[in-house]
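Read the numbers this way: they start at 1 and go in the same order the structure lists the ligands and their atoms.
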Amino acid sequence: MRKKIVAGNWKMNMDLNEGYRLAESINNYFRQKPSTKAEVVLCPPFIHLAGVADILKDGNVFLGAQNCASEPSGAYTGEVSAVMIRSTGAQFVIIGHSERRTYYNEDNKTLLKKTIQALKAGLKVIFCCGEVIQERESGIHFDVVKRQLEEGLFSLSAEDFSRIVIAYEPVWAIGTGLTATPSQAQEMHKFIRDLVENKYGIGAAQDLTILYGGSCKPSNAREIFAEVDVDGGLIGGASLKKEDFIAIVEAV
Ligand code: 13P
């Protein structure tokens with residue numbers, strides 16, 4: 001059976017001490033009451049990674065970064081490589097978040113390079129896709145997501161693809177309080193699973209974890225996660241509040 005995952009994307013929030021405190025309290029909670037249904041992943045900013053890895057080392061919560069460089073190493077001032085991320089103890093990296101695509105002009109070609117670096121370093125990739133509101137309103141949202149996946153992922157080998165998690169995050173639902181309805185999420189997740197089946201076969205499609213992201217909160221998580229092709233969530237704002245994040249994990 002494919003894995004369920006709930007990952008918290010802290011984005012650019014929390015100073016070092018706030019981050020450590022949040023990680024500690026979430027880790028303590030799941031150490032005492034392990035999540036049996038979902039793998040829990042925290043994705044803090046880069047500067048937190050090593051310290052949070054230390055906090056999480058005795059526990060069952062996983063660690064991820066929010067981005068990585070497209071190059072392996074060298075003279076790229078300000079960048080952080082996938083190997084460096086892996087060396088902190090992190091197991092995951094988010095690639096292709098819409099905020100990276102929009103504010104930092106990351107295109108599918110760059111995202112493929114990042115994904116290759118991450119996989120080479122031994123990380124699992126949470127690869128984000130999703131359409132903006134105008135694309136949904138004009139009915140091209142399936143084409144947009146298809147292109148993001150084809151160009152960003154589908155040149156990977158089947159073996160590499162087995163270490164990919166896909167997160168569908170409709171951009172109009174991110175941080176807006178607007179959530180996709182469970183049927184809108186299910187429809188896109190099924191579409192994604194079918195694309196993967198066409199490319200990599202039914203086994204790969206059935207094993208693929210597909211997360212929903214976009215204004216997910218305790219009050220709507222249960223009904224979204226109940227859809228057959230929704231395997232958990234990528235949580236922004238609500239992952240900064242321990243109680244909300246835990247409630248979302250428990251909604252799986
Ligand atoms: P919100 O949960 O704040 O809408 O953010 C979702 C997101 O972008 C997670 O990566």
- Could you list all the side chain to side chain donor-acceptor pair (under 3.5 Å) pairs where at least one residue sits in residues 68-90, not counting sequence neighbours? Glu71-Lys113
- Task: Verify the neighbour count for atom CZ of Arg147: are there more than 12 heavy atoms of other residues, nucleotides or ligands below 6.0 Å?
- Result: no
- Please lay out, stage by stage, how Ile95 and Cys68 fare under the test side-chain contact (heavy atoms from CB on, under 4.5 Å). CA-CA 7 Å; Ile95 291 180; Cys68 72; 4.0 Å; yes
- Item | salt_bridge(Glu131, Arg136) N-O dist < 4.0 Å | yes
- Message: Suppose clustering is done on Ile, Leu, Val, Met, Phe, Trp and Tyr with side-chain heavy atoms closer than 4.5 Å. Which residues sit in the same group as Val132?
- Response: Val171
Write none if no such pair exists; otherwise list each N/O atom of ligand 1 with its protein N/O partner under 3.5 Å and the distance.
residue	atom	partner	partner atom	Å
ligand 1	2 (O)	Gly236	N	2.9
ligand 1	3 (O)	Gly237	N	2.8
ligand 1	4 (O)	Gly175	N	2.6
ligand 1	4 (O)	Ser215	N	2.7
ligand 1	5 (O)	Lys11	NZ	3.2
ligand 1	8 (O)	Lys11	NZ	2.8
ligand 1	8 (O)	His97	NE2	2.7
ligand 1	8 (O)	Glu169	OE1	3.4
ligand 1	10 (O)	Asn9	ND2	3.0
ligand 1	10 (O)	His97	NE2	2.9
ligand 1	10 (O)	Glu169	OE1	3.2
ligand 1	10 (O)	Glu169	OE2	2.9

- Item | Residues in ring-ring contact (aromatic ring centres under 6.0 Å, His included) contact with Tyr29, at least two apart in sequence or another chain | none
